[in-house]
Amino acid sequence: MLIRIIYVSSAVGPQTGTMTNAILKKAQAWNRANRITGVLCQGQGVFLQALEGDRRTVTQLYSRICADQRHNNVEIIHCESILKRRYENWSMALVSLSDVDPATKIEWPEFDPYSVTGLQVMARIDDLLASGSVINELD
Ligand code: FAD
């Protein structure tokens, strides 16, 4: 059974390029080998990540991610069974939230990733992907 989850978390230290690259490198290799797809949005001290794949595999990965000391305050904001992947082209696309784009500021004047719904997040991710804001396409 396929599922998709989206969680939000707070970075423990500065979100440097070195840290992002280390996370992405690991995610790229492991996710591809285990048929996980998704998007990692990072910036402004937060991570928002969508993970899709086999339910057991996603659950195990999420447990490992929760235990990662590079972030804390991990909260699931969306979880659903799916028939089709939304992010099937990416083992882990990276999208920057560091300068929240003007459209996001209009839609969410006080952008607070802990208060948005999963549907809002997916709509925004779709916009960012469609506008070519993907920093690192891994496939
Ligand atoms: P190990 O590699 O043995 O690491 C154990 C702990 O050491 C980690 O939990 C972490 O706290 C720390 N650590 C590991 N590497 C570093 C480093 N380079 N710098 C500083 N501390 C480090 N993994 C995936 O496979 N797929 C994903 O999609 C994915 N997304 C992630 C998203 C975020 C926001 C974060 C923070 C991590 C993500 N990871 C992802 C990495 C994941 O949390 C685990 O580190 C990874 O799955 C390896 O697990 P492990 O138990 O073998 O940990």
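Each ligand, and each atom within it, is numbered from 1 in the order the structure gives.
Evaluation of the side chain to side chain donor-acceptor pair (under 3.5 Å) rule for D54 yields T57 as partners, not counting sequence neighbours. For the side chain to side chain donor-acceptor pair (under 3.5 Å) test, no residue two or more places apart in sequence or in another chain qualifies with R55. Under the side chain to side chain donor-acceptor pair (under 3.5 Å) criterion, R35 pairs with no residue at all, not counting sequence neighbours.
Using modelled atom types, one finds a donor on one side chain and an acceptor on the other under 3.5 Å when comparing E52 with T37.
Across all non-hydrogen atoms, the minimal contact from F47 to R70 is CE1-O, 4.3 Å. In terms of heavy-atom proximity, S9 sits nearest to H71 at OG-ND1, 2.7 Å.
Protein residues having at least one heavy atom under 4.0 Å from any atom of ligand 1 are Y7, A22, I23, K26, A27, W30, N31, F47, Q49, L51, L61, R64, I65, A67, D68, Q69, R70, H71, M92, listed by chain and number.
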